[in-house]
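In listed order, ligands and their atoms are each counted from 1. If you're wondering where the values come from, they're calculated on a predicted model, not measured in any experiment. One is the number of the first residue; the rest follow in order along the sequence.
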Amino acid sequence: MAGKQINDGVTFVLLGATGDLTKKKLLPAIYHLVAKGKARHFAIIGASRKKTSMDSIINSAKKYVKNGKKEVWDNIAKRAVYTSLDFYKKEDYVQLKKVVKETELRWKLPGKMIVYLATLPAHFEVITKHLEAYHMCKHKKEWPRVVYEKPFGHDLKSAKKINKTIRKIFEEKHIYRIDHYLGKEFVENISLVRFTNRILEPLWNKDHIEQVQIYINEDIGIDGRGGYYDKYGVVRDMVQNHLLQLAALIAMEPPKDLSGDAIRDRKVDAFKRMRIHDLLLGQYQGYLKEKNVAKGSITPTFAALHLRISNKRWKGVPFLLMSGKKLPKREAGIHIKFKRVACLLPMCPEDTNSLSIRIQPNEGITFQINGKVPGKSFVTPIKLDFCQSCVFGPNTPEAYETLLHYVMQGDQAAFVRQDGIEAAWKVVDRALARSKTVYKYKQGSTGPTELKMWNTKHKIRWKT
Ligand code: BG6
């Protein structure tokens, strides 16, 4: 998924610069791009409401880069300027524009701006309108490029409203709706593995696949983000975006090629055929004591879902999705369980063939087949295991580094298009309208005890 390399320089404008995302993800991503020579001519303008400095923000970001080099950080700090910005105050945008202009002049940059809205979606419209009103974003071909962090809206209605506003100002080619899972190395690998291996496609359907499991489990809780999380919960925070994107990559029909809009077209087709049949929700014990969580809140932090895809390829195949916080370990992956073959021996293994994709940690793929036990006349499951770091070394780029680089190159394949985001909201909106009960679960457990019955009902033994 290569785009054009830009050599004449870029200006990163980070809105929401004092937030966690900037320090934990965006500045470390820029660090790696600079350290690898992928961003040579650049400047950073950080803006947020607080009065602070870029030096202080950069210092707080340093611990998120292992063995960071002083000269790289110094180079970043030298080219970074902070200006305070109240998203709702016109005069602050005038000042922001002035700072951008001065900085671009100083570093002889060509005015190619990447404006990153690292803010809550409630601010997307007002910021975009102000950028337009104060001529921050004069269109020159596909510049500026405007990046909207997830979640993109709170439901279908709000997502549509945001889209309507921003599309009056920008064309789709300027808009990058982020889902950072799409920048993870092994998520990008899904379509490559699926469509470049002759042996997989003939088996990729209801005749051979019994069920698909997709899970993103976390051992952390809400990490001090109660104000945001309590209004969203796991279905809006993880299912609408990350889990449904993974499901679409597995479910989509083959695209005409593996770039740009071809994949996005096929994913939208897949979203349109998805229905959540059953949903089990949970909340970890102690959630109500987290900061900024409403008294008696029933916001779920755990979800298990049974998704069906109503088309010829997937008729009757359950897609079982799970995500939760405060579970035993951090683990994300996809497990594809194939159907049983007729047993031609007196004894055959319980387990069937399977293909497991480990997104994190220990990225890799395991293919399980049956093989003979030496000296015996029966078979046992054998794992053919590919471990990415064992073959290619441990330096997998972080998702945000990959995605920021794509924005620099103007490659939109790993970003969500307007029709994609709206189709995915439609899937979860329908389910949220039905579901009510939220079961409690112990921190460090595998979810609510009700999950056991739910698993039996859906004939599922999670591979996590
Ligand atoms: C974010 C969610 O999108 O993804 C967080 O808002 C979650 O709640 C995070 O913790 C998980 O991402 P990763 O890359 O750590 O699996």
Side-chain angles (χ1 to χ4, degrees), residues 16 19-26 28-29 32 64-66 116-122 124 147-154 159 176-190 214-247 249 281-284 287 290-293 297 299-303 321-334 357-364 388 396-404 414-416 420-421 424-425 428 443 447 464:
D20 265 10
L21 188 75
T22 302
K23 86 174 169 215
K24 291 186 180 165
K25 300 290 181 191
L26 301 181
H32 290 295
Y64 298 100
V65 174
K66 256 195 223 149
Y116 200 119
L117 279 73
T119 72
L120 283 177
F124 288 174
V147 187
Y148 294 88
E149 185 48 50
K150 74 148 271 279
F152 192 90
H154 187 262
Y176 292 73
R177 297 177 194 80
I178 281 240
D179 180 323
H180 79 277
Y181 262 69
L182 297 179
K184 289 190 189 268
E185 195 61 34
F186 246 77
V187 174
E188 294 210 287
N189 209 359
I190 295 172
I214 306 179
Y215 51 91
I216 306 178
N217 296 340
E218 298 182 276
D219 51 356
I220 56 165
I222 56 171
D223 224 11
R225 298 189 303 153
Y228 152 75
Y229 194 90
D230 203 40
K231 293 192 190 74
Y232 283 78
V234 66
V235 181
R236 295 184 169 93
D237 185 49
M238 299 297 281
V239 179
Q240 186 272 341
N241 30 74
H242 309 325
L243 279 177
L244 288 192
Q245 286 292 335
L246 297 178
L249 286 169
L281 298 174
Q283 184 190 77
Y284 63 79
Y287 173 78
E290 302 271 10
K291 209 173 146 207
N292 296 327
V293 162
S297 164
T299 298
T301 58
F302 174 95
L321 278 44
M322 176 157 84
S323 182
K325 294 201 182 281
K326 293 276 186 193
L327 298 183
K329 52 185 172 185
R330 178 176 187 255
E331 199 173 27
I334 298 169
I357 301 170
R358 294 187 301 279
I359 294 168
Q360 68 191 26
N362 310 324
E363 293 102 325
Q388 177 174 268
T396 308
E398 273 265 354
Y400 279 93
E401 175 191 336
T402 304
L403 292 175
L404 263 189
F415 296 85
V416 189
I421 212 105
W425 271 120
V428 302
Q443 297 191 17
T464 67

Within the 4.0 Å heavy-atom cut-off around ligand 1, the contacting residues, ordered by chain and number, are K150, H180, Y181, K184, E218, R225, D237, M238, H242, K325, R330, Q360
- [ ] Assess whether side chain to side chain donor-acceptor pair (under 3.5 Å) is satisfied between Y287 and D230, documenting all intermediate values.
- [x] CA-CA 10 Å; Y287 173 78; D230 203 40; 2.6 Å; yes
Salt bridge or not between K150 and D237? Use side-chain N to carboxylate O under 4.0 Å. yes
Is the charged tip of K184 near the ring of F186: under 6.0 Å from the six-membered ring centre and within 45° of its axis? no
Quiz item: With side chains defined as the heavy atoms from C-beta onward, is the minimum distance between V416 and Q245 less than 4.5 Å?
Solution: yes
Quiz item: Can you find a pair of side-chain heavy atoms, one from I359 and one from L246, that are under 4.5 Å apart?
Solution: yes
**Asked** Between the side chains of Q240 and Y232, does any donor sit under 3.5 Å from an acceptor?
**Response** no
